[in-house]
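These notes are about the structure you will find just below.
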Amino acid sequence: MLRFMANRLLLLVPILFGVVTITFFLMYVVPGDPVLSLAGERYDEETLEGMRRELGLDRPLFIQYLNYLGRLARFDLGRSFVTGRPVSESIAERFPRTLLLASSAMLLAVAGGVFAGMLSTWRRYDRLGRPLMALSLAGVSIPVFWLGLMLIYLFSIKLRLLPPSGFGGGSLRYLVLPALTLSFASMATIARVTRAGFMEAGSGDFVRTARAKGLAESSVMAKHVFRNALIPVVTIVGTDFGSYLSGSVLTETIFGWPGLGRYIVQAIMKRDFPVIQGSILFMAVLFVVVNLLVDVSYGLIDPRIRQRGA
Amino acid sequence: MSTLRCSDAFARRRALPPVLLILLIIMQSCSGEEKRPILRLALQTEPTTADPAHAVDYSSGMLVSLTHSNLVRFDGSGRIAPDLAVSWSVSADALTYVFSLGAAGFPDGTPLRAEDVVLSFRRLLDPATVSPRWWVLEPLRGAAAFHAGGTFDEGCLAAPDSATVVMTLGRPAAHFLSLLSMPAAAIVNSREAARLGRDYGRAPSGSGPWRISEWKEGEAVILGRNLYSADRGGNIEQIILKIFPETMTAIAEFEVGGLDILEIPRTELEIWRTAGAGLLRQEELRTSYIGLNNRKEPFTDVRVRRALNAAVDVETIIAKILFGAATRSRGSVPPVLKGGGTGPDLYPYDPDKARALLAEAGYADGFEMEIWQRENPEAGRILEAVQAYLAKVGVRARIVTREWSAFKQAIDQGTPDAFYLDWIADYPDAENFLMPLFHSSKTGGGGNRVSYADAGVDSMLELASMTGDADERARLYGAVEERVYEGAPWIFLWFPVKYEAVSPDIEGYRMPVIQTGVKFTDVSFRAR
């Protein structure tokens, strides 16, 4: 397992080099000039040239690239063109908020999704199972934007129970609506996948064997069905959590949540190169690490995968 | 029976801990907070800086004007009023300005001196500062040369004593006081600005009525009182500038009492009007237009440009898409300003006339064109309507959408046939519309993005900017406005009108003509 992890971590080097290089050159291919965002509505060419000089954008592209790599080697992500603030400071400030929202949403999604999935399997033919599955279908289809606004309307404006927006220093009541909104689609997917997993695993030969050898139904469910049904759920958790960690632009925008997603989108709009490059690099590291953790957890859940990996 | 119900409910609660959790949250949210005089305002975008030399966007300009003072400022009606300067005089040749400063101080208690004014202005002009707004002080003698790397003309800007500033211009500039009222001309604590360099933008030290007490990135900027400011009116202790990228959320926040002043989006106006909400109304110093590339065929022909103006039913677009929140423009300068267009409508909706003009210009079968817009749902709706009107006279318009940076680059380079854009004034003066938008020297990024060139207009604009007599100046600008309107370099659209809802707890607030005209020191919370 350790060798597997070390190999995966070593893979980070070429992946990150690729991300850094592609992101850097992509910035210069797309239309739009960063100094135009800084210059405002009225400017002259000399001012633009002065700005380009100050930001180092007047140098040959390859020299800029080498300078960038040199800065990265010193763990320096640079300063935002727009605010002048170090990118690492902004990421350090915003990432914990994104992590809080992403973790809460994921927790809700897993708890709600697995519970709903199990319930709808056990009671698949009655009045509870079918509506649950219909709800999960709606969950996958409802746009986040609409759901967020509806929750604000209901819980903030009509019932006056929860604040409509803001971070509130991370307090629970500010977290509930954005976390619920963000979790909804994942919750629905997890519910559907859990149900499918349970039905498939439940009809497997190994389950029939377990029952035939006289194991209690609770043991059959916990040791055989549950563990096997969980594998696809872990995959969904891994990919969704990875994307949540890079910021959920729509949820953050609706609820005024000051996370990474909005930070990156604003940077893209303003062609704030250091912010885009730094954030994407950070996200790439996160994604690789989360996926590594998912792979490790496969091994923990299913010994066959562990043995194959070894 | 009741005992049974009770235990039943208890068992249910034990079985459903999430319900308890929700109840807890509800109880927590119901605990009322003590009402303090804190003014909560919404910003759609986060300020990028509070440094006067680098603030170019609306939010940053607002933050600069709240935290800094200028020599003079705009009042709520857009007139020049004293700020740091309690009085000033102008020489007979309109070249020398002498300002007498009153008492004021920076948040750290340092008194503001005339030297701070000199150093602030020198900082703005210094090429090392790389300020995109250095042009605000361009009328000063030798300013452009200094900015281009020459030596500073010490005589153009002097502080003979700690309470007097003398400035000398290279040529008369009737709008000079307006320029001095802009955020870029705000006075900084020169010692702090030199110490902090580029970081001054996050930790400014101005002599305005407010100081930044906390900047929560992406969330809010919290302002407390500057105890050393000369402007200490009103009873507000704190201003929270909350950032709401989504307007619907800002509306929800206002409805639950989390905001005190809210700009109502046009799409929501009907609902607020129907609900009988008393809204404040203010015509904006802003003009919306479809710029026609005056250098490109077929827009080089004035008949084609006039035809396009006659082809679009602007009044209907205002009524249906803007919900009446705009005034049809008859020129580029809002009528609230002296020199603004108030003459007859030269281009009433008349598709037959448009077709006749096109035929006369040799385009009886119409032509194809592109209209560019930045990504914006309202702009999309407007241009779709324009597209349909143009189609009726045979002009096949294609709408091209780009995000802001790419859009701006294209229109500054004169690539598109036409584009939809707004021009927002920096100061309430016809000069701030006509000079950048139509003087040939401002082609491209200077503001004249349609490449309009008319030597007669150029010379009238130059003359007007040097004319001290207000009536004569207004007459000259009126003449320019008329000539430009007749030449139809744009499809003239409208001057937007802004609406705001204000919390009943607030008194003394009036919508300013220009945003820098409000410092919230004449606003108070009502006594309860």
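Reckoned from all heavy atoms, side chains included, excluding hydrogens, waters and symmetry mates. Naming: A, B, ... by sequence-line order, numbering from 1 per chain.
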Using a cut-off of under 4.5 Å on heavy-atom pairs, state which of B:Asp412, B:Thr247, B:Asp57 scores highest against chain A.
->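 Option with the greatest count: B:Asp412.
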Residue, of B:Ala220, B:Gly445, B:Ala252, B:Pro47, that accumulates the most heavy atom pairs under 4.5 Å with chain A =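 Heavy-atom pairs under 4.5 Å are most numerous for B:Gly445.
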Test the B:Arg202-B:Trp215 pair against the cation-pi criterion, namely NZ or CZ under 6.0 angstrom from the six-membered ring centroid and within 45° of the ring axis.
-> yes
Test the B:Arg449-B:Tyr289 pair against the cation-pi criterion, namely NZ or CZ under 6.0 angstrom from the six-membered ring centroid and within 45° of the ring axis.
-> no
Under a 4.5 Å heavy-atom cut-off, does chain B meet the side chain of [X], its backbone, both or neither?
{"X": "A:Phe145", "value": "side chain"}
{"X": "A:Leu149", "value": "side chain"}
{"X": "A:Asp33", "value": "both"}
{"X": "A:Ser80", "value": "neither"}
{"X": "A:Ile152", "value": "side chain"}
{"X": "A:Tyr263", "value": "side chain"}
{"X": "A:Arg53", "value": "neither"}
{"X": "A:Leu38", "value": "backbone"}
{"X": "A:Glu46", "value": "neither"}

Partner residues of A:Ala109 under the side-chain contact (heavy atoms from CB on, under 4.5 Å) criterion, sequence neighbours left out | A:Met106, A:Ser183, A:Ser186, A:Met187, A:Ile190
Mind checking side-chain contact (heavy atoms from CB on, under 4.5 Å) for B:Arg195 and listing every partner two or more places apart, or none if nothing turns up?
->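 Scan of B:Arg195 (side-chain contact (heavy atoms from CB on, under 4.5 Å), adjacent residues dropped) gives B:Glu192.
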Per the ring pair (Phe, Tyr, Trp, His ring centres under 6.0 Å) rule, which among A:Phe255, A:Tyr174, A:Trp257 passes with A:Phe167?
->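 Single pass found, and it is A:Trp257.
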Answer yes or no: is there a side-chain heavy-atom contact under 4.5 Å between A:Val87 and A:Ile91?
-> yes
Side chain to side chain, B:Val400 and B:Phe407, heavy atoms closer than 4.5 Å =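 B:Val400 does not reach B:Phe407 side chain to side chain.
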Chain A heavy atoms under 4.5 Å from [X]: which part of the residue, side chain, backbone, both or neither?
{"X": "B:Asn432", "result": "side chain"}
{"X": "B:Arg402", "result": "neither"}
{"X": "B:Ser131", "result": "backbone"}
{"X": "B:Asp51", "result": "neither"}
{"X": "B:Glu217", "result": "both"}

Does A:Tyr68 have its ring centroid less than 6.0 Å away from the ring centroid of A:Phe273?
-> no
Determine the option with the most heavy-atom pairs under 4.5 angstrom with chain B, choosing from A:Met51, A:Lys270, A:Arg94, A:Arg97.
-> A:Arg94
Counting heavy-atom pairs under 4.5 Å with chain B, the top scorer among A:Ser37, A:Pro164, A:Gly40, A:Gly256 is A:Pro164
Salt bridge present between [X] and [Y] (N-O < 4.0 angstrom):
{"X": "A:Arg271", "Y": "B:Glu403", "result": "yes"}
{"X": "A:Asp58", "Y": "A:Arg52", "result": "no"}
{"X": "A:Glu93", "Y": "A:Arg85", "result": "yes"}

